[in-house]
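Working notes, structure below.
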Amino acid sequence: MNLELSDKTALVSGSTKGIGFAIASQLAAEGARVIVNGRSDKAVAEALGQIQQATPKAKVEGFAGDLSTTAATEALLNGFPAVDILVNNLGIFEPKPFEEIPDEDWRRFFEVNVLSGVRLSRIYVAGMRQRKWGRIVFISSESAIQIPLEMIHYGMTKTAQLAVSRGLAEYCAGSGVTVNSVLPGPTRSAGVEEFVTLLSGGKPFEVFEKEFFKSVRPSSLIKRFATTEEVASLVAFVCSPAASAITGAALRVDGGVVRSCF
């Protein structure tokens with residue numbers, strides 16, 4: 001399917017690995033000019049090389065900087081004053097018992113997972129509205145709906161993203177700019193593999209996966225971790241002109257983990 005993105009510029013925050021990298025790769029494969037973001041020059045260069053190797057004609061550029069900070073966001077705007085597509089993917093997670101989560105962690109998670117997307121949306125939405133076309137996507141999580149007991153602070157930020165996304169969609173009503181959230185379920189990304197290593201005690205991934213979906217996420221209908229490419233496929237579609245009637249939505253690619261038909 002041709003998603004008609006060849007004349008669009010897309011920024012994907014936190015896109016040197018995991019879901020963000022898969023999204024950047026798919027948008028580049030669809031012909032969009034993609035700005036890849038990571039915290040270090042090395043990580044960005046490696047990601048650009050991987051995308052260009054897979055898609056030799058890819059139009060990709062990089063921006064190294066921590067977009068959870070105001071300074072990096074301002075530097076980004078100086079280098080890239082306009083984008084057509086903004087994917088707010090930057091995020092962190094960490095399992096920790098509720099009693100052991102200090103105020104500092106709550107603030108840090110909110111700063112990275114929520115305010116990074118707020119700032120980026122704020123600097124780019126006016127241009128999108130003026131051009132009468134734009135796409136803003138927040139990468140939330142099924143944890144926004146089913147708050148995980150092992151990381152309540154993370155779940156809180158994912159729920160906050162839904163509120164920001166819906167409110168911004170209302171703000172952009174009738175402008176040609178759509179705003180949506182995408183809610184992945186358990187996904188096999190680099191970060192999740194590190195998470196699994198911490199929790200599994202050295203078990204092979206396949207063994208942990210089977211146990212995980214039996215005891216931790218038994219409501220999953222696919223009984224496995226999704227791939228980052230499966231998540232990216234939905235995001236790429238939502239970013240396209242073909243998805244012009246989809247806005248203000250929380251779109252699940254969760255493998256059926258959330259027990260709801262709505």
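In this chain, residues are counted from 1 in sequence order. These numbers come from the heavy atoms of this one structure, side chains and all, not from hydrogens, waters or symmetry mates.
- Applying the side-chain hydrogen bond (donor to acceptor under 3.5 Å, both in side chains) criterion to Lys203, with sequence neighbours excluded, gives Glu211.
- A search for salt bridge (Lys or Arg N to Asp or Glu O under 4.0 Å) contacts involving Glu230 returns Arg224, not counting sequence neighbours.
- For Arg217, the salt bridge (Lys or Arg N to Asp or Glu O under 4.0 Å) partners at least two apart in sequence or on another chain are Glu142, Glu150.
- Here side-chain hydrogen bond (donor to acceptor under 3.5 Å, both in side chains) pairs that include residues 247-260, with residues two or more places apart or in two chains, are Arg252-Asp254.
- Through side-chain heavy atoms spaced under 4.5 Å, either directly or across other Ile, Leu, Val, Met, Phe, Trp or Tyr residues, Val257 is tied to no other residue.
- Among residues two or more places apart in sequence or in another chain, the side-chain hydrogen bond (donor to acceptor under 3.5 Å, both in side chains) test is passed with Asn180 by none.
- By the 30° and 60° cut-offs, the orientation of the rings of Phe212 relative to Phe225 is parallel.
- Judged by distance alone, with hydrogens and angles left aside, the side-chain atoms of Ser13 form a donor-acceptor pair with the main-chain N or O of Leu90 at under 3.5 Å.
- One finds the CH2 atom of Trp106 at 9.0 Å from the OG1 atom of Thr157 (value rounded to the nearest 0.5 Å).
- Counting only residues at least two apart or on different chains, the side-chain hydrogen bond (donor to acceptor under 3.5 Å, both in side chains) pairs with a member in residues 91-102 are Lys96-Asp105.
- Think of Leu183 as one node in a network of Ile, Leu, Val, Met, Phe, Trp and Tyr side chains linked at under 4.5 Å; its network also takes in Ile145, Leu162, Val258.
- Listed by first and then second residue, the side-chain hydrogen bond (donor to acceptor under 3.5 Å, both in side chains) pairs that reach into residues 122-132 come to none, sequence neighbours excluded.
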What pairs of donor and acceptor atoms, side-chain ones from residues 51-58 against any protein atom, are under 3.5 angstrom apart with sequence neighbours left out?
none

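- Among residues at least two apart or in separate chains, there is no side-chain hydrogen bond (donor to acceptor under 3.5 Å, both in side chains) pair with a member in residues 36-46.
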For residues 70-87, tabulate all N or O donor-acceptor pairs below 3.5 Å that involve a side-chain atom, not counting sequence neighbours.
from, atom 1, to, atom 2, distance (Å)
Thr70, OG1, Arg119, NE, 3.3
Thr73, OG1, Thr69, O, 2.9
Asn78, ND2, Glu74, O, 3.4
Asp84, OD2, Thr9, N, 2.8

